[in-house]
Novice: 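Got a structure for you, written out below as structure tokens; questions coming shortly.
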Amino acid sequence: MRNVYLDYSATTPVKEEVLKEMIPYFTEKFGNPSSLYDKGLESKDAVTHAREQVAALINAKPAEIYFTAGGTESDNWAVFGACEKLKSKGNHIITTKIEHHAMLHSCAFLEKQGYEVTYLDIDKDGFIDLKQLEDAITDKTILISVMLVNNEIGTIQPIKEVAAIAKKHGILIHTDAVQGLGNLPIDVKDLGVDLMSVSSHKIYGPKGSGALYIRKGVSISNYLHGGAQENRRRAGTENLAGIVGFGKAAEIAKNNLENHIKHCSELRNYLKDRIIAEIPDTYVNGTMEKRHPGNLNITFKYIEGESILLLLNQFGISVSTGSACSSTSLEPSHVLSALGVPVEMIHGTVRFTVGDFTTKEDIDYVVDNLKTIVAKLREISSVNSTKGW
Amino acid sequence: MRNVYLDYSATTPVKEEVLKEMIPYFTEKFGNPSSLYDKGLESKDAVTHAREQVAALINAKPAEIYFTAGGTESDNWAVFGACEKLKSKGNHIITTKIEHHAMLHSCAFLEKQGYEVTYLDIDKDGFIDLKQLEDAITDKTILISVMLVNNEIGTIQPIKEVAAIAKKHGILIHTDAVQGLGNLPIDVKDLGVDLMSVSSHKIYGPKGSGALYIRKGVSISNYLHGGAQENRRRAGTENLAGIVGFGKAAEIAKNNLENHIKHCSELRNYLKDRIIAEIPDTYVNGTMEKRHPGNLNITFKYIEGESILLLLNQFGISVSTGSACSSTSLEPSHVLSALGVPVEMIHGTVRFTVGDFTTKEDIDYVVDNLKTIVAKLREISSVNSTKGW
Amino acid sequence: MALYNDIVMDHFLNPKNVGELENPDGTGVYGSPVCGDMMQIQIKVDGEKITDAKFKTFGCGSAIASSSMATSMIIGKTIEEALEVTNKEIIDNLGGLPPVKVHCSVLADKAIKNAIYDYAQKNGKHYAALEGYDPNADEDDDHGDIEE
Amino acid sequence: MALYNDIVMDHFLNPKNVGELENPDGTGVYGSPVCGDMMQIQIKVDGEKITDAKFKTFGCGSAIASSSMATSMIIGKTIEEALEVTNKEIIDNLGGLPPVKVHCSVLADKAIKNAIYDYAQKNGKHYAALEGYDPNADEDDDHGDIEE
Ligand SMILES: Cc1ncc(COP(=O)(O)O)c(C=O)c1O
Ligand SMILES: Cc1ncc(COP(=O)(O)O)c(C=O)c1O
């Protein structure tokens, strides 16, 4: 049976070249980067090199890259570290309704501590309103956090404009760029952000490795306390091979960026065009402009997403019904809710993300099976276009 | 040139069998464990299996193991999670002067938030005093955290007795077992602890992977907020290969425990005997009883540790001058200070840790070179036995 | 570990009794698309015996499997017997459901009762098990809360 | 990137001027074992010229290298010239030191001055550069604080 993975936003396979770079750092070059003997210094050099590679991908200085255990830790560090540092200045955070749970659950936790959080709306295309953002700012606002690319509908927020507003008001600006990294050109200098979260496993690097970009001169509190690693700002023995892998993946992503975007968007558009043309009662969620090149989010009216997922799985096809994290939960996606998708239609929504290893044949295989599956489930369904919901 | 690694407490190489288990989880079985399709479920199964392997090593239930990014995160989670959860009950923590920085710097941070911390002394052998512990308890005490095995002098604290005292007073008990795991039999049920930190890279598993044992029924706040991973208690896409590697390393450690202890303690004792017999003015720090089987901590009077380290490095020998984390700092080791070692002698201290790949020939090679090196540095030194300090 | 066991998967992939009856003696609907699951079960009754049953379900894998199992279970049973079917039995016959999916079996159980209720109403029948029964009562609020 | 560059490593591994002089004209000691570094520098003076210098150092690699470099630099210089040697020059001649190790060069600089001071005291000499000089003043409190 064919195997078609269309869930690159959930995670990506580690590329062979990346794994090859990592291998020696497990068994042979295993020294602790904090150690002063050659075996330690060799590891330190490897971390330094990876830092340069990651920095280059986002046009940061290497010293502005702090390695973490992934996007979730980076998000937590950014928000808790900023709030701790600035608590004497205020207790108000502005973010959006469509952030990843790493941000939303952190904010919910802070609300319990007495912080106030404004969650910005998105419009029907999936974008925040800069006017609403500016209106939400008070003299207690200490942090603005808006994600660069949404993980469910792939919309790219106007972070440069958001950062300009933040700067005008002297407020720290963080962006969760976990889904953006490697999927659009990112230049932190041009964007003007103070803090940015990224993760390795979304760009063909290993899981459990990520980074927080902290602009030179910006100071937030530490979140993991202990040893003097990462210039004393993030403690814990470095995930050496994970960092080396992230570095290599970043290097490849940089060199491959144009191709990657072209490849993914072409296949994604082809998938979209075929689905919309060949399967009735299907809708794309979020605008097709300013969108993650691999992301397609489709509602199949009158049927339920998990059923579609399971039947596709029978044909070796992997897709998701929302963000990977919420897929074991029964809650309808908060992103699609914010977009204004009716709840019954949220239940019928599938996220497809294509990636570097996707082929046109894969797409054809998926659409062909999807047609049968959707027809079958609609046959079973208690709702349909004549009956209505 | 021969290569002799005697810094197994800083980190260990990943064993070949461990790496072999990990490899497929990078490129092939790369699914996100939260995903509902086969590729995700297969990953979830791998995490479940690793959880069983780690649980087995410490006689815990698999559901009591929560994977983290390493010992530092586990320590931070334990102390911050406990304090957050129990803040309405009190604000007093009891720990020791010889904890790892992951604990000490976390406590220092909490002190700034208004928590009170008692740091227990150790005696000249390296052990805490249970009487002092019990006397330190107040009705505001919410957490006792005492490390199982010290990373510098290797002494094994009487955690079972500590836990009994904690239980008697209804106080949560955490132990940092990062250096203990795989180096002595650990049975969490028998020890009676509520929380225990462990790390993969100290037991021939990969860096950046660890766990917090949370006894069933014990509730602490989350520290990394986000997705529903780890039974909703630790967010972040799982470090899949890192977890698989930790699991395999734990399995090997369990099967190999007796051999490992015998092998290490024999070589360690041989190293100690030769150094003490053949190099004058050398002292062992900490008792040789109840000690990490591979740990030897020696003061070479009248000379300085970094010089010894660098000269040993010239001969391909890797040792450390204290904990790996403090080795880039000029601060004299807080552990040796607590032990009462005079500061000038702390500066002349070297930690040797032997491990599974150490041979008797390695030890002979080290001692032979050490003799020349120590003689040479003493020749250069401005202090000596006749002049005194 | 797969999400569902083989029995559930089989009932999901090859559901029995899908469809609608020409002249049903009773139709029961339960759930709503807003909750993510909506089930319609129809029965044909001969004397006191359920001779046929069909379902239509909007919902996840276990909702479809539960519908298939539930309809299979009541065909051939008397009304009284069918009323004794519990969601627990549906789960047991399915060889178990994941905890977050237990509510699907409740849905099926309710849809059966609603179909019988409809039949009873239309035919002026009374069954002890339906005494005071409210076909719209929401017994299913076990939606697996997010705690953190 | 090694901890130290090749010049530093060479002066550490093969230090020049190790030892003590038979009849030194001046002896300077600076630092203490408690701080982790203690340096003794002795000089032999002929007329106003430093004809020989020896050191003994308890300390880390860069302390030993700095001692070796400092003694090499002053041999052949006049006292006045030697007093002009700065820790910056020692570092430069060593091709640089890591930031946390800069204090080692300060130590060597102070040990030289103390040796000359001792010589001046013993011989009733006066040097403008030593006006108001305190041989025990602690110029070295740059111990690389831990911040978090
Ligand atoms: C937008 C976004 N933020 C944060 C995360 C969390 O990153 P990680 O999985 O590396 O913890 C993810 C991915 O799961 C994401 O898509
Ligand atoms: C006793 C002790 N606790 C905690 C840690 C931190 O563990 P990790 O390096 O996995 O962050 C270490 C090792 O560095 C340790 O020795």
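All chains are named by letter (A, B, ...) in the order of the sequence lines, taking the proteins before the strands, and each is independently numbered beginning at 1. Bear in mind the structure is a predicted one, so any value in this text is a computation, not a measurement.
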Novice: What part of B/Asn76 lies closer than 4.5 angstrom to a heavy atom of chain A: side chain, backbone, both or neither?
Specialist: side chain

Novice: Tell me the closest heavy-atom pair linking A/Tyr204 and A/Val18, and the distance in Å.
Specialist: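 Nearest pair, atom of A/Tyr204 first, then A/Val18: O-CG2, 3.7 Å.
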
Novice: So, A/Tyr66 and A/Arg234: side-chain donor and acceptor under 3.5 Å apart, yes or no?
Specialist: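 Per modelled atom types, A/Tyr66 and A/Arg234 side chains form no pair under 3.5 Å.
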
Novice: Which atoms of B/Ala235 come close to chain A, meaning under 4.5 Å heavy atom to heavy atom: side chain ones, backbone ones, both, or neither?
Specialist: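 Both backbone and side chain of B/Ala235 come within 4.5 Å of chain A.
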
Novice: Specify whether A/Tyr37 and B/Tyr5 have parallel, tilted or perpendicular ring planes, treating 30° as the upper limit for parallel and 60° as the lower limit for perpendicular.
Specialist: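 If you compare the ring of A/Tyr37 with that of B/Tyr5, the planes turn out perpendicular.
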
Novice: Heavy-atom distances under 4.5 Å only: say whether B/Leu240 touches chain A with side chain, backbone, both or neither.
Specialist: both

Novice: For the residue pair B/Gln179 and B/Glu152, confirm or rule out a side-chain donor-acceptor distance under 3.5 Å.
Specialist: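 Short answer, no.
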
Novice: Sort B/Ser199 into side chain, backbone, both or neither according to what part of it lies under 4.5 angstrom from a heavy atom of chain A.
Specialist: neither

Novice: Side chain, backbone, both or neither: which part of B/Gln113 has an atom under 4.5 Å from a heavy atom of chain A?
Specialist: side chain

Novice: Enter the distance from A/His101:NE2 to A/Asn151:CG here, rounded to the nearest 0.5 Å.
Specialist: 9.0 Å

Novice: Checking B/Tyr25 against chain A: side chain, backbone, both or neither under 4.5 Å from a heavy atom?
Specialist: neither

Novice: So which part of B/Met22 gets closer than 4.5 Å to some heavy atom of chain A, the side chain, the backbone, both or neither?
Specialist: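 It is the side chain, since no backbone atom gets that close.
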
